[in-house]
Amino acid sequence: QLQLVESGGGLVQPGGSLRLSCAASGFSLDYYVIAWFRQAPGKDREGVSCISTSGIPTNYADSVRGRFTISRDNAKNTVFLQMNSLKPEDTAVYYCAADRLPRCGNSWYARGRYDYWGQGTQVTVSS
């Protein structure tokens, strides 16, 4: 069974950090672009970041650039999202998604291109 599983979410104070993981089972991530999306209550799901199969290049939404870092460890079949300087507006359910292409490209934030999705992990930034 092909599956993506996110973990690492939780409650953190403003200014804090979290590291999300996206682990794949049933298939190798070596051939897949991986993106992180998030969805806050009452809002559309939006692209946060994307990483190409080789690890370069990476893409970020303007709202997270400079605070979030995406990386991948293909040997562990896992992609990470390091989130620093978290703000209350980062509160959302975070999802990872996989697309069988080598590079993210200009359409990396288009939800319809992704073949597989995880179930999501909740991130809450609050004092």
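Here the structure is a predicted model, which means the values were calculated and not measured.
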Shortest non-hydrogen contact from [X] to [Y]?
X: Ala92; Y: Ala40; value: CB-N, 3.8 Å
X: Ser17; Y: Ser85; value: OG-N, 4.4 Å
X: Ser107; Y: Arg113; value: OG-NH1, 3.1 Å
X: Ala24; Y: Leu4; value: CB-CD2, 3.8 Å
X: Val33; Y: Cys50; value: CG1-SG, 3.2 Å

Asn74 side chain to Asp30 backbone, donor-acceptor under 3.5 Å: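 Not at all, since once roles are kept as given, no pair shorter than 3.5 Å links the two residues.
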Donor-acceptor contact below 3.5 Å, side chain Ser21 vs main chain Ser7: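 Not at all, since once roles are kept as given, no pair shorter than 3.5 Å links the two residues.
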Taking a hydrophobic cluster as the set of Ile, Leu, Val, Met, Phe, Trp and Tyr residues connected by side-chain heavy atoms closer than 4.5 Å, whether directly or through intermediates, do [X] and [Y] fall within one such cluster?
X: Trp36; Y: Val123; answer: yes
X: Leu29; Y: Tyr31; answer: yes
X: Tyr95; Y: Leu20; answer: no
X: Val93; Y: Tyr114; answer: yes
X: Ile51; Y: Tyr32; answer: yes

Inter-residue atom distance [X].[atom1] - [Y].[atom2], 0.5 Å rounding:
X: Phe27; Y: Gln3; atom1: CZ; atom2: CD; value: 9.5 Å
X: Asn59; Y: Trp108; atom1: CG; atom2: CH2; value: 6.0 Å
X: Glu6; Y: Cys96; atom1: CD; atom2: SG; value: 4.0 Å

Qualifying residues under salt bridge (Lys or Arg N to Asp or Glu O under 4.0 Å), relative to Arg19, sequence neighbours excluded: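 Counting only residues at least two positions away or on another chain, Arg19 forms no salt bridge (Lys or Arg N to Asp or Glu O under 4.0 Å).
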Candidates Asn77, Thr58, Ile34, Thr78 - the one meeting side-chain contact (heavy atoms from CB on, under 4.5 Å) with Arg72: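 The single option meeting the side-chain contact (heavy atoms from CB on, under 4.5 Å) with Arg72 is Ile34.
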Residue of the set Val12, Leu18, Val64 for which side-chain contact (heavy atoms from CB on, under 4.5 Å) holds with Met83: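 Among Val12, Leu18, Val64, the one meeting side-chain contact (heavy atoms from CB on, under 4.5 Å) with Met83 is Leu18.
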So with a 6.0 Å cut-off around [atom1] of [X], is the heavy-atom count from everything else above 12?
X: Gln119; atom1: CD; value: no
X: Tyr109; atom1: OH; value: no
X: Arg103; atom1: CZ; value: no
X: Ile56; atom1: CD1; value: no

Pro14 side chain reached by Pro88 side chain, heavy atoms, under 4.5 Å: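 SC-SC contact between Pro88 and Pro14 confirmed.
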Counterpart residues, side chain to side chain contact (heavy atoms under 4.5 Å, CB included), relative to Pro102 (two or more places apart):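 With sequence neighbours excluded, Pro102 shows a side chain to side chain contact (heavy atoms under 4.5 Å, CB included) to Thr53, given in chain and number order.
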Test: Arg111 cationic atom under 6.0 Å from Phe37 six-membered ring centre, within 45° of axis: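 No, Arg111 does not lie over the aromatic ring of Phe37.
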Residue pair Gln122, Thr91: steps toward the side chain to side chain contact (heavy atoms under 4.5 Å, CB included) verdict: CA-CA 8 Å; Gln122 176 70 47; Thr91 296; 4.0 Å; yes
Trace of the side chain to side chain contact (heavy atoms under 4.5 Å, CB included) decision for Thr69 with Tyr60: CA-CA 8 Å; Thr69 303; Tyr60 295 94; 3.9 Å; yes
Salt bridge Asp90-Lys87, side-chain N to carboxylate O under 4.0 Å: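 Answer for the salt bridge query: no.
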